[in-house]
Amino acid sequence: MSDADDTDKGGTRLFGAATGVGSMPGGDARETAKTVTGSFEDFPFLAELPARGPGADMIGRTIGMLVDFYAHVEPSGWRISDRPGRDTKRARSWMGEDLDALEEFTQGYEGPLKVQAVGPWTLAAALELRGGEAALGDAGACRDLVGSLAEGLRGHLAELRKRIPGAKPVLQLDEPSLTAVLRGQVRTASGYRTYRAVDRQVVESALREVIAVHDGPVTVHSCAPDVPFALLRRAGVAGISFDFSLLTERDEEPIGEAVEAGTKLFAGVVASTDGPLSDPGGSVMGVRTLWRRLGLNPGTLAESVVVTPTCGLAGASPAYARAALAHCVRAATSLADNPE
C-alpha cells in the first residue's frame with residue numbers, strides 16, 4: 001500500500017512528519033511511553049527496551065509474537081524449542097507491559113501509531129535450529145517461520161487496535177540482515193563459511209506474505225548499507241526506513257523511483273548515539289540536496305519524508321534519546337517550512 005497524498009479514505013494521515021525507529025534506553029516502560037507520546041504527538045510508536053534483557057531484545061520480542069513457534073536463549077542466541085519456556089513467557093510479559101504503558105498515554109488518540117517487529121529474513125538469520133545452525137539454511141524452516149510470523153503479527157495488530165481504537169497502525173518490519181541474506185554474507189555457526197544467498201524472488205514473496213496481514217501501511221527498516229529499495233517496493237511496502245548517512249550514488253536512482261511511486265522515505269538523519277546535535281535545518285540539508293540532484297519538486301519533501309534517528313536509540317543516554325526525538329520533530333518542521 002502506498003498513498004502519495006499521505007491520507008487514507010477517511011482523511012486520516014497515514015504518517016506523521018517525524019517518529020522514532022524503535023528501541024529506547026532504560027527499562028521503565030511507563031516513563032518511555034510518556035517520552036515517546038510527548039515527543040511525537042502525531043506519530044508515536046511502541047518503544048522497545050532491550051536493556052531489560054533477553055526477551056526484550058528485538059529478536060526475542062518478535063519470537064514472543066510467533067504462533068506455534070517457540071525458542072529459548074542459548075549462549076549463542078535464540079534457539080528453537082518444542083514448547084514455550086521461561087524466555088518466551090518473559091518476552092510476552094514485557095510486551096504486555098509495554099502495551100499497557102502505551103495505552104495509558106494514548107487515551108483518545110487518533111492517528112498513525114507505529115509498531116515494530118523483526119522481518120522474516122533477519123529473524124531467519126538470527127534464530128537457531130536445534131543443531132545450532134540458523135533457520136536461514138533450511139528452506140522449510142524459513143517457510144514455517146514466515147507463516148508463524150504472519151499469524152503472530154495479525155494477532156498483535158488486532159490487540160493494538162483493541163487497546164487504542166483511534167490508532168491507525170503502521171507496521172515496521174526490521175530487516176537489518178536483509179542485504180546480507182540476499183548476498184550470501186550471513187555466517188554459519190562456525191564462522192568459517194556463509195549461507196547460500198537466498199533467491200530474490202523467494203525473499204520478495206516472503207516479505208509480501210507478511211506485509212499482506214496488515215490492511216494499513218507497512219514499512220521496512222534497515223540501518224545497513226545498500227538497502228534493496230526496488231525489491232522492497234515490489235514487495236508492496238508503503239515506506240522504507242534507512243540510515244541516510246549510508247546512502248551512495250547508486251542508491252539515488254531507486255530512491256527517485258520510489259518517491260515518484262509514492263513510497264514514503266523514513267530518513268534517518270539524527271545520530272542514534274550521544275553526540276552534538278546540529279541545528280535542525282542542518283540535519284535535513286542532505287535530504288534537500290538529494291531532492292535537487294534527483295530533480296524532484298521541493299514542494300513534495302514534507303509529504304514524502306518522515307524524519308527519524310539513524311537507528312534505534314538503545315545505546316544512547318536517556319537525556320540524549322529525549323533530545324534526539326525532539327530534534328527529529330524540529331528537523332521535520334524545518335523541512336516543511338523551508339523545502340529549498
A.B. asks: I'd like to know if the side chain of D274 and the backbone of S317 have a donor-acceptor N/O pair within less than 3.5 Å.
C.D. replies: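 The answer is yes, because a donor-acceptor pair under 3.5 Å joins these two groups.
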A.B. asks: Treating W121 as the side-chain partner and V203 as the backbone partner, does any N or O pair qualify as donor plus acceptor under 3.5 Å?
C.D. replies: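 The answer is yes, because a donor-acceptor pair under 3.5 Å joins these two groups.
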A.B. asks: Applying side-chain hydrogen bond (donor to acceptor under 3.5 Å, both in side chains) to S272 and T310, what does each step give before you reach the verdict?
C.D. replies: CA-CA 6 Å; S272 56; T310 54; 3.2 Å; yes
A.B. asks: Do T19 and T308 pass the side-chain hydrogen bond (donor to acceptor under 3.5 Å, both in side chains) test, and can you show the C-alpha distance, the side-chain angles, and the key distance before you say yes or no?
C.D. replies: CA-CA 5 Å; T19 192; T308 74; over 6 Å; no
A.B. asks: What's the spacing between K162 NZ and L157 CG if we round to 0.5 Å?
C.D. replies: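 Output value for this atom pair is 13.5 Å.
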A.B. asks: Taking the side chain from T219 and the backbone from G239, do they hold a donor-acceptor pair closer than 3.5 Å?
C.D. replies: no
A.B. asks: Treating Ile, Leu, Val, Met, Phe, Trp and Tyr as nodes and any side-chain heavy-atom pair under 4.5 angstrom as an edge, say whether V220 and L246 lie in one connected cluster.
C.D. replies: no
A.B. asks: Within the side chain of S334, is there an N or O that forms a donor-acceptor pair under 3.5 Å with the backbone of R330?
C.D. replies: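 No: the side chain of S334 does not pair with the backbone of R330.
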A.B. asks: Do NZ/NE/NH1/NH2 and the carboxylate oxygens of E31 and K34 come within less than 4.0 Å?
C.D. replies: no
A.B. asks: Is S93 reaching over with its side chain to a backbone N or O of K89, donor-acceptor style, under 3.5 angstrom?
C.D. replies: no
A.B. asks: Tell me which pairs pass salt bridge (charged side-chain N to carboxylate O under 4.0 Å, His left out) where either residue lies in residues 49-60, with sequence neighbours left out.
C.D. replies: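 The answer is R52-E97, R52-D98.
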A.B. asks: Applying the 4.5 Å side-chain criterion to the ILVMFWY set and letting contacts propagate, would Y109 and F105 be lumped into a single cluster?
C.D. replies: no
A.B. asks: If we only count heavy atoms from C-beta on, is the I164 to Q107 side-chain gap below 4.5 Å?
C.D. replies: no
A.B. asks: When rounded to the nearest 0.5 angstrom, what distance separates CG in L173 from OG1 in T122?
C.D. replies: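 Rounded to the nearest 0.5 Å, the CG-OG1 separation comes to 9.5 Å.
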A.B. asks: Under 3.5 Å, which donor-acceptor pairs do the side chains of residues 132-142 form with other protein atoms, sequence neighbours left out?
C.D. replies:
| from | atom 1 | to | atom 2 | distance (Å) |
| --- | --- | --- | --- | --- |
| E133 | OE1 | A189 | N | 3.2 |
| E133 | OE1 | Y195 | OH | 2.4 |
| D138 | OD1 | G140 | N | 3.0 |
| D138 | OD1 | A141 | N | 3.0 |

A.B. asks: If Ile, Leu, Val, Met, Phe, Trp and Tyr residues are connected whenever their side-chain heavy atoms lie under 4.5 Å apart, and connections chain through other members, are L102 and W94 in the same group?
C.D. replies: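 L102 does not cluster with W94.
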A.B. asks: Using modelled atom types and a 3.5 Å cut-off, is there a donor and acceptor pairing between side-chain atoms of T32 and backbone atoms of D28?
C.D. replies: yes
A.B. asks: Could you work out, with side-chain hydrogen bond (donor to acceptor under 3.5 Å, both in side chains) as the rule, every residue matching T188, not counting sequence neighbours?
C.D. replies: S190
A.B. asks: Examine distances only and state if a side-chain atom of K264 and a backbone atom of P217 form a donor-acceptor pair shorter than 3.5 Å.
C.D. replies: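 Answer holds: no.
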A.B. asks: Is the closest basic N to carboxylate O distance between D215 and R161 below 4.0 Å?
C.D. replies: yes
A.B. asks: How far apart are the C-alpha atoms of R163 and D100, what are their side-chain angles, what is the distance that settles it, and do they pass the salt bridge (Lys or Arg N to Asp or Glu O under 4.0 Å) test?
C.D. replies: CA-CA 8 Å; R163 287 170 172 266; D100 288 344; 2.8 Å; yes
A.B. asks: Tell me whether T263 contacts the main-chain N or O of A238 through its side chain, where contact means a donor paired with an acceptor under 3.5 Å.
C.D. replies: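 Here the side-chain-to-backbone pair does not exist.
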A.B. asks: Can you tell me which residue pairs pass the salt bridge (charged side-chain N to carboxylate O under 4.0 Å, His left out) test with a partner in residues 175-198, sequence neighbours excluded?
C.D. replies: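 Passing the test, one end in residues 175-198: R183-D226.
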A.B. asks: Report, one line per pair, each donor and acceptor closer than 3.5 Å where one atom sits in a side chain of residues 252-260; sequence neighbours left out.
C.D. replies:
| from | atom 1 | to | atom 2 | distance (Å) |
| --- | --- | --- | --- | --- |
| E252 | OE2 | R293 | NE | 3.0 |
| E252 | OE2 | R293 | NH2 | 2.6 |

A.B. asks: Hey, could you give me the CD1/CD distance between I240 and Q172, rounded to the nearest 0.5 Å?
C.D. replies: 12.0 Å
A.B. asks: Got a sec, which pairs hit salt bridge (charged side-chain N to carboxylate O under 4.0 Å, His left out) with one end in residues 201-213, sequence neighbours left out?
C.D. replies: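 Applying salt bridge (charged side-chain N to carboxylate O under 4.0 Å, His left out) to every pair that reaches into residues 201-213, excluding sequence neighbours, yields E204-R208, E204-R234.
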A.B. asks: Excluding sequence neighbours, so at least two apart, what forms side-chain hydrogen bond (donor to acceptor under 3.5 Å, both in side chains) with T194?
C.D. replies: none
A.B. asks: Residues in side chain to side chain contact (heavy atoms under 4.5 Å, CB included) with D279, at least two apart?
C.D. replies: none
A.B. asks: Between the side chains of R61 and D174, is the shortest nitrogen-to-carboxylate-oxygen separation below 4.0 Å, so that they form an ion pair?
C.D. replies: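 R61 and D174: not salt-bridged.
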A.B. asks: For P169, is there any backbone N or O sitting under 3.5 Å from a side-chain donor or acceptor partner on H214?
C.D. replies: yes
A.B. asks: Taking only residues two or more places apart in sequence, or in another chain, which ones meet S81 in a side chain to side chain contact (heavy atoms under 4.5 Å, CB included)?
C.D. replies: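 With neighbours one apart ignored, the set is Y70, H72.
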A.B. asks: Side-chain heavy atoms under 4.5 angstrom apart, residues restricted to Ile, Leu, Val, Met, Phe, Trp, Tyr: same cluster for F15 and V21?
C.D. replies: no
A.B. asks: Suppose we screen for side-chain hydrogen bond (donor to acceptor under 3.5 Å, both in side chains). Which residues come up paired with T300, at least two apart in sequence or across chains?
C.D. replies: W291
A.B. asks: Enumerate the residue pairs fulfilling salt bridge (charged side-chain N to carboxylate O under 4.0 Å, His left out) with a member in residues 62-80, sequence neighbours excluded, ordered by first and then second residue.
C.D. replies: R79-E128
A.B. asks: Taking side-chain hydrogen bond (donor to acceptor under 3.5 Å, both in side chains) as the test, write out the residues that go with S39, two or more places apart.
C.D. replies: none
